[in-house]
Chemist: 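What follows is a single structure, and I will ask about it in a moment.
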There are 2 protein chains.
Amino acid sequence: MTADRIFEALASQPRRKILAYLSAQELTAGDIASRFEMSAPAISRHLSVLETAGLVHSERRGQFVFYRLNKDNLVNTLTSFTFEICPVASALKRESRKRASLKPST
Amino acid sequence: MTADRIFEALASQPRRKILAYLSAQELTAGDIASRFEMSAPAISRHLSVLETAGLVHSERRGQFVFYRLNKDNLVNTLTSFTFEICPVASALKRESRKRASLKPST
DNA sequence: TAAATAGTTAACTATTGTGTTAATTGATTA
DNA sequence: TAATCAATTAACACAATAGTTAACTATTTA
């Protein structure tokens, strides 16, 4: 199950902070590392945890490796978990779907 | 920071499963333990992690301890994190607020 | 091609998390 | 009040995290 890896990835403050940084713009591994007290290798491993979880994507451009956020994966996992846990929200969602099917694009 | 404890609590499959069980109804510690392969003490500790994070509430009634979900805390944390990470959603939220202030109850 | 820069991987250490069984606390009942 | 049932706490073992420094790979540039 991939939700497993995602929640695991989110269980670390530095990793959540990395995601927040990446929410604004793509950044190189070095850019990210410079925002923390930690060593570069430590950041590199955090990035690899995030990438394995499918939360970020990396791309090498010349000397640099750019990281960017994979919003869909994160948002989907968190909202679907929220709905699973919170039947009220789930009921609202069903209600919303029903309305949509009765009266398209409103 | 309490989001810390919440994400930490969510980083465990058994604990997420417990939350899912509790989303349907309140349960005693024993009810919950019986749904897992694990020993009762192990479940008891998972429950205490969830309670410390503010995700569940426990109440002793006679011989039993009943657990129930604290939905607000969970939903608030997850959605606010989602908005933090996903500026698009955040922009939508702002937009939505603006509309609401211009044209109440629509 | 040698040196420098960016980043990751390797090897290691310390700490934390998660499970076990045994002992303990609290409440009920024979 | 002794026995039983529900649940937690204690003590321990083992695996996994998360950090460190050192070594390595890839790319650029003098």
Side-chain angles (χ1 to χ4, degrees), chain A residues 1-22 25-70 74 77, chain B residues 1-22 25-70 74 77:
Chain A
M1 199 192 194
T2 195
D4 233 28
R5 267 198 255 269
I6 289 181
F7 279 107
E8 164 98 28
L10 294 177
S12 143
Q13 202 171 52
R15 286 195 290 266
R16 291 196 305 279
K17 208 172 150 191
I18 289 173
L19 293 176
Y21 283 134
L22 291 177
Q25 65 209 280
E26 68 173 13
L27 293 169
T28 68
D31 288 337
I32 296 168
S34 72
R35 287 164 163 77
F36 289 83
E37 299 293 301
M38 240 171 284
S39 68
I43 293 297
S44 181
R45 282 235 311 269
H46 281 306
L47 286 168
S48 108
V49 170
L50 289 170
E51 185 158 35
T52 300
L55 294 178
V56 305
H57 173 81
S58 73
E59 185 186 355
R60 169 152 233 143
R61 284 184 221 144
Q63 217 170 353
F64 300 89
V65 176
F66 285 83
Y67 284 86
R68 67 166 185 268
L69 193 60
N70 229 340
L74 180 62
T77 299
Chain B
M1 200 192 194
T2 196
D4 232 27
R5 267 198 255 269
I6 289 180
F7 279 107
E8 164 97 29
L10 295 177
S12 143
Q13 203 170 52
R15 286 196 291 266
R16 290 197 305 277
K17 207 172 151 192
I18 290 174
L19 293 177
Y21 283 133
L22 291 177
Q25 65 209 280
E26 67 172 15
L27 294 168
T28 69
D31 289 336
I32 296 168
S34 72
R35 287 165 162 78
F36 289 83
E37 299 293 300
M38 240 171 283
S39 68
I43 293 297
S44 181
R45 282 234 310 266
H46 281 306
L47 287 168
S48 107
V49 170
L50 289 170
E51 184 159 34
T52 300
L55 294 178
V56 305
H57 173 83
S58 74
E59 183 184 358
R60 170 150 233 142
R61 283 183 222 145
Q63 215 169 356
F64 301 90
V65 175
F66 286 82
Y67 284 86
R68 67 165 187 271
L69 192 59
N70 229 340
L74 181 61
T77 298

Chemist: To the nearest Å, how far apart are A/Ile18 CD1 and D/dA18 C1'?
Modeler: 13 Å
Chemist: Quick check: on DNA chain D, is the nucleotide nearest A/Ala11 upstream (toward 5') of the one nearest B/Ser48, or the reverse? Name the residue that is more 5'.
Modeler: B/Ser48
Chemist: Of the nucleotides D/dA18, D/dT9, D/dG19, which has the atom closest to the A/Ser12 side chain?
Modeler: D/dA18
Chemist: Hey, which sits more toward the 5' end of DNA chain C by its nearest nucleotide, B/Ser39 or B/Phe64?
Modeler: B/Ser39
Chemist: What integer distance in Å separates B/Glu59:CD from D/dA6:C1'?
Modeler: 16 Å
Chemist: So what does A/Glu8 touch, heavy atoms closer than 4.0 Å: a base, only the sugar-phosphate, or nothing?
Modeler: sugar-phosphate
Chemist: Determine, for B/Arg5 against B/Glu51, whether the closest basic-nitrogen to carboxylate-oxygen distance falls under 4.0 angstrom.
Modeler: no
Chemist: Using whole Å, report how far CE of B/Met38 lies from P of C/dT20.
Modeler: 7 Å
Chemist: Could you tell me how far apart A/His46 (NE2) and C/dT8 (P) are, to the nearest whole angstrom?
Modeler: 13 Å
Chemist: Supply the atom-to-atom distance B/Glu59 CD to B/Arg68 CZ, rounded to the nearest 0.5 angstrom.
Modeler: 6.0 Å
Chemist: To the closest 0.5 Å, what do you measure between OH (B/Tyr21) and CG (B/Asp31)?
Modeler: 11.5 Å
Chemist: In this structure, how many angstroms lie between the C1' atom of C/dG7 and the CG atom of A/Leu27, rounded?
Modeler: 15 Å
Chemist: Under 4.0 Å between any heavy atoms, over every strand shown, what does A/Tyr67 touch: base, sugar-phosphate, or nothing? Just pick one.
Modeler: sugar-phosphate
Chemist: Measure the spacing between OG1 of B/Thr28 and OH of B/Tyr67 and express it to the nearest 0.5 Å.
Modeler: 10.0 Å
Chemist: CD1 of B/Ile32 versus P of D/dT8: gap in Å, rounded?
Modeler: 9 Å
Chemist: On the side chain of A/Gln63, is there an atom forming a donor-acceptor pair with the base of C/dT5 - under 3.5 Å, no angle test?
Modeler: yes
Chemist: Considering heavy-atom distances to DNA chain D, does B/Ile43 or A/Val49 have its closest nucleotide positioned more toward the 5' end?
Modeler: B/Ile43
Chemist: Does any N or O in the side chain of A/Arg15 come within less than 3.5 Å of the main-chain N or O of A/Ala9, such that one atom is a donor and the other an acceptor?
Modeler: yes
Chemist: Hey, does the side chain of B/Arg15 come within less than 4.0 Å of C/dT18's phosphate (OP1/OP2), counting only N and O?
Modeler: yes
Chemist: Output the rounded distance in Å from CZ (B/Arg60) to C1' (C/dA27).
Modeler: 7 Å
Chemist: So what does A/Ala29 hit on the nucleic acid, given a heavy-atom distance under 4.0 Å: a base, only sugar-phosphate, or nothing?
Modeler: sugar-phosphate
Chemist: Classify the nucleic acid contact of B/Thr28 as base, sugar-phosphate or nothing, counting any heavy atom under 4.0 Å across all strands shown.
Modeler: sugar-phosphate
Chemist: How long is the line joining CZ of A/Arg45 and P of D/dA18, in whole Å?
Modeler: 8 Å
